[in-house]
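Input: a single structure, listed below in structure tokens.
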Protein chains: 2
Amino acid sequence: MARRRQSVTIKHVAADAGVSLQTVSRVINNEPNVRPEMQERVRASIAKLGYVPSIAAQRMAGRRSYLIVALNDRERTIADWRKREGTDWVDQMMFGGILKCTEHGYRLIVELVDTHSDHIERELLAAIASLQPDGVILTPPHSQNQKILEILDDHKISIARIGSLTDGPGFLLTMDDEHAARLATEHLVELGHHRIGFIAGPPEYELSGWRVVGWKAAMRDAGIDSGGLFAQGDFSFASGRAAAEALLGGDDPVTAIIASNDQMTLGALEVVREHGLRVPEDFSLISFDDTPVIRFSHPPLTAVQQPIAEVASRAVELIISDQAGKKVSREPVVVPASLVVRNSTARRRPALKDTA
Amino acid sequence: MARRRQSVTIKHVAADAGVSLQTVSRVINNEPNVRPEMQERVRASIAKLGYVPSIAAQRMAGRRSYLIVALNDRERTIADWRKREGTDWVDQMMFGGILKCTEHGYRLIVELVDTHSDHIERELLAAIASLQPDGVILTPPHSQNQKILEILDDHKISIARIGSLTDGPGFLLTMDDEHAARLATEHLVELGHHRIGFIAGPPEYELSGWRVVGWKAAMRDAGIDSGGLFAQGDFSFASGRAAAEALLGGDDPVTAIIASNDQMTLGALEVVREHGLRVPEDFSLISFDDTPVIRFSHPPLTAVQQPIAEVASRAVELIISDQAGKKVSREPVVVPASLVVRNSTARRRPALKDTA
DNA sequence: GTGAAAGCGCTAACAT
DNA sequence: ATGTTAGCGCTTTCAC
């Protein structure tokens with residue numbers, strides 16, 4: 001067992017600068033009560049010796065751990081990884097999260113927890129005990145899990161909740177799913193579509209509801225009755241297929257579909273084609289997830305692009321500011337998603353009976 | 001600032017079980033010299049109190065940090081993330097790495113460092129000082145960076161080097177790139193191709209060379225002269241284009257190309273089509289990276305699939321075993337890549353002059 | 001404004 | 001086989 005020691009510690013710096021440990025500590029942490037000249041001297045020694053504080057020691061001494069945990073759903077994340085389709089969500093979280101963390105000397109650790117199990121509490125407590133993170137970024141469906149929120153809050157860990165607006169502790173961040181759904185719907189309306197079906201995500205996800213609201217509102221604004229155009233999905237490919245079958249089944253089938261994630265969109269696409277319809281000539285399709293599968297699909301699909309990296313970055317900022325003791329507004333942070341128009345949406349082709 | 005304390009410490013467990021701290025510590029770390037009944041008693045208390053050791057404290061006391069760092073090239077990783085094409089490499093490393101880490105109470109932290117800069121040394125030392133990882137997983141081109149190896153070795157940090165076989169400290173892991181290149185080449189030979197071009201990756205990557213060797217060997221075994229069929233690339237789309245132009249330019253152009261990564265393959269595909277050739281009817285193409293872009297390309301491309309997750313998992317195993325003081329073989333670990341045949345490779349269509 | 005002392009939770013080395 | 005002691009590197013009191 002190699003007994004590794006820190007090569008340059010605060011002691012070395014103190015000795016080199018000819019000051020006390022305390023003064024060095026103050027400089028490191030940008031605390032007051034240090035004369036500029038002392039500051040300078042200490043900083044010079046730090047630079048000279050290449051000193052970097054040990055986060056383990058900092059954590060031990062009761063200060064911050066400089067660790068932020070990104071909590072993700074184990075089952076879903078692993079399934080995504082296994083498919084090797086470009087998980088996107090975790091990737092993009094890391095993209096935004098790591099870069100922002102680095103700016104502040106923080107690290108991001110991805111933790112997978114089992115939502116469905118009852119041991120979520122045990123898993124979470126274990127993660128907290130071993131890591132003692134300064135903050136946790138929660139993604140749906142964890143963002144609204146009261147048990148998780150309660151535990152984190154009890155431990156005075158800063159919380160950033162992505163995709164949730166329900167009451168409770170923590171900072172709220174959304175991508176304005178309602179507006180995004182509206183954008184998607186309006187795009188289709190402008191292309192002449194009236195029968196615009198919507199495949200919703202599971203109700204356990206708050207954002208599923210927001211998207212439905214946006215779609216319904218846009219439909220109403222366009223003077224279209226959205227009755228019978230709604231289908232419930234569960235984010236799975238199969239549910240996308242089933243929903244599309246339902247929407248295409250009646251005697252007044254839809255001419256366009258907005259599906260709440262990539263898998264359901266792909267499922268719908270398959271069904272649309274089975275019905276002998278071409279995309280986008282005969283049928284328009286919009287995905288609510290701009291993942292690689294969607295982008296490299298044929299045709300490349302029009303999609304709602306969610307700024308996950310940016311949201312993760314903001315989440316990290318909020319946590320760090322909060323931990324630094326700054327007063328941070330609890331107003332929800334909104335980083336709006338946008339619509340990327342590709343080749344799965346086109347002007348509605350008049351149905352035969354219309355032209356007759 | 002909230003002064004967060006461990007809620008349940010080793011002291012509580014010791015008190016509850018009526019033993020000394022040391023005994024608890026021994027039980028936690030599966031050390032000898034504890035009677036089964038004591039073990040039992042301590043474990044019961046641990047379970048009862050829900051005790052989990054603080055890794056910060058464990059690290060402080062000179063033992064392991066239970067942290068493994070996955071070192072990646074900053075520039076390239078960020079570029080991949082920004083493109084949102086499904087980075088795959090980082091994703092897959094996390095997939096294999098995190099799961100294996102979890103089994104042993106370890107955590108994986110992704111660190112990005114700037115290879116090209118001279119401050120790589122400073123960056124690395126800073127990461128070591130602040131994190132004090134037990135091990136580091138190196139990916140190309142870091143795997144063979146002597147400076148990095150030296151620093152890590154000096155700090156007695158276990159090293160897992162993916163894609164390198166050069167001398168130096170650390171465990172070696174490869175996906176048998178030579179064999180993979182051979183597989184790809186043989187596949188094309190079987191389809192009747194003779195003029196099989198190869199676009200190599202930059203020589204800074206050891207595996208670039210291995211792939212070339214595999215291709216050349218397979219060509220030789222098939223009795224084909226590989227002269228003039230080699231093109232140097234640098235993993236960029238543009239270099240793939242340039243290389244393909246060169247290979248298609250002469251009076252005896254290639255009928256198939258193997259490119260050493262996804263971007264170059266895509267570049268080559270573009271050029272092939274500009275030459276009026278259809279894939280796979282007129283031209284066969286194999287990618288040496290089975291990323292989402294390749295899989296969802298049109299047609300879906302035949303590709304070498306690299307078992308990155310599995311390699312990362314093995315890397316973690318090696319590091320953990322090494323840290324546990326076990327004698328671990330320094331023999332290179334080989335997790336062979338495989339060829340996934342899709343629709344970008346087909347039987348060679350006889351050239352006009354052949355049929356004449 | 002600066003320093004000295006105590007202690008965070010744990011393990012190493014040395015008792016017994 | 002078990003307990004005791006002395007730190008690890010840092011921050012937090014609380015002195016000066």
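Every chain is numbered from 1, with letters handed out A, B, ... down the list of sequences. Values reported hereafter were calculated over all heavy atoms of this structure, with side chains retained and with hydrogens, waters and symmetry mates removed.
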>> If the threshold is 4.0 Å, N to carboxylate O, is there a salt bridge linking A:Arg43 and A:Glu40?
In response: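 Here A:Arg43 does not pair with A:Glu40 in a salt bridge, since their nearest N and O are not under 4.0 Å apart.
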> Does a salt bridge link B:Arg74 with B:Glu111, judged by any charged N lying under 4.0 Å from a carboxylate O?
Replying inline: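 Looking at B:Glu111 together with B:Arg74, the answer is no, because their closest N to O distance does not fall below 4.0 Å.
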For [X], what residues pass the salt bridge (Lys or Arg N to Asp or Glu O under 4.0 Å) criterion, not counting sequence neighbours?
X	answer
B:Glu121	B:Lys147
B:Arg314	B:Glu317
B:Glu37	B:Arg35
B:Asp73	none

Distance, rounded to the nearest Å, where [X] contributes [atom1] and [N] contributes [atom2]:
X	N	atom1	atom2	answer
A:Arg64	D:dG9	CZ	C1'	16 Å
A:Glu31	D:dT12	CD	C1'	10 Å
A:Asn33	D:dC16	CG	C1'	14 Å
B:Tyr66	C:dG9	OH	P	18 Å
A:Arg59	D:dT12	CZ	P	10 Å
B:Ile55	C:dG9	CD1	C1'	13 Å

>> In this structure, which stretches of DNA chain C are paired as stems of three or more consecutive Watson-Crick or G-U pairs, both distances less than 3.5 Å?
In response: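 Only these stems qualify: C:1-11 with D:6-16, C:13-16 with D:1-4.
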> B:Ser54 and A:Arg59: side chain to side chain donor-acceptor pair (under 3.5 Å), yes or no, with the steps?
Replying inline: CA-CA 10 Å; B:Ser54 150; A:Arg59 171 55 245 174; over 6 Å; no
>> Using the side chain to side chain contact (heavy atoms under 4.5 Å, CB included) criterion, which residues pair with A:Leu149? Sequence neighbours excluded.
In response: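 So A:Leu149 forms a side chain to side chain contact (heavy atoms under 4.5 Å, CB included) with A:Leu138, A:Gln146, A:Ile159, A:Arg161, A:Pro169.
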> With B:Pro140, which residues qualify under side chain to side chain contact (heavy atoms under 4.5 Å, CB included), at least two apart?
Replying inline: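 Residues passing side chain to side chain contact (heavy atoms under 4.5 Å, CB included) with B:Pro140: B:Trp89, B:Ser143, B:Tyr205, B:Leu207.
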> Which of residues 34-53 of chain B have a heavy atom under 4.0 Å from DNA chain C?
Replying inline: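 B:Tyr51, B:Pro53, in order of number.
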> Hey, is the side chain of A:Gln58 poking within less than 4.0 Å of OP1 or OP2 on D:dT11, counting only N and O atoms?
Replying inline: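 For A:Gln58, the contact criterion (side-chain N or O under 4.0 Å from OP1 or OP2 of D:dT11) is met.
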> Just to confirm, is there a sub-4.0 Å distance from OP1 or OP2 of D:dT11 to any side-chain nitrogen or oxygen of A:Ser25?
Replying inline: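 Result: yes.
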> Quick one: ring pair (Phe, Tyr, Trp, His ring centres under 6.0 Å) pairs with a partner in residues 48-71 of chain B, sequence neighbours left out?
Replying inline: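 As it turns out, the ring pair (Phe, Tyr, Trp, His ring centres under 6.0 Å) pairs with a partner in residues 48-71 of chain B, which skip direct neighbours, are B:Tyr66-B:Tyr106.
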> Taking B:Phe171 as the fixed residue, which of B:Ile162, B:Val333, B:Asp322 is the one that meets the side chain to side chain contact (heavy atoms under 4.5 Å, CB included) rule?
Replying inline: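 Checked B:Ile162, B:Val333, B:Asp322 against B:Phe171; only one passes side chain to side chain contact (heavy atoms under 4.5 Å, CB included): B:Asp322.
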>> As a test of understanding, state which of A:Ile28, A:Val24, A:Asp16, A:Val34 forms a side chain to side chain contact (heavy atoms under 4.5 Å, CB included) with A:Val42.
In response: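 Exactly one candidate clears the test, A:Val24.
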>> If you take any heavy atom closer than 4.0 Å to DNA chain D, which residues from residues 8-23 of chain A end up in contact?
In response: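 Correct list: A:Thr9, A:Ile10, A:Lys11, A:Gln22.
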> Taking atom C1' in both C:dT11 and C:dA15, what distance in whole Å separates the two?
Replying inline: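 Those two atoms are separated by 16 Å.
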>> Please report the interatomic distance NE2(B:His155) to CD1(B:Ile128), rounded to the nearest 0.5 Å.
In response: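 Spacing of NE2 (B:His155) from CD1 (B:Ile128) equals 4.5 Å.
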Where do N or O atoms of nucleotides 14-16 of chain C meet protein N or O atoms at under 3.5 Å, pair by pair?
none

>> Per the side-chain hydrogen bond (donor to acceptor under 3.5 Å, both in side chains) rule, what does the pair list look like for residues 324-333 of chain A, sequence neighbours excluded?
In response: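 Sorted result for residues 324-333 of chain A: empty, none.
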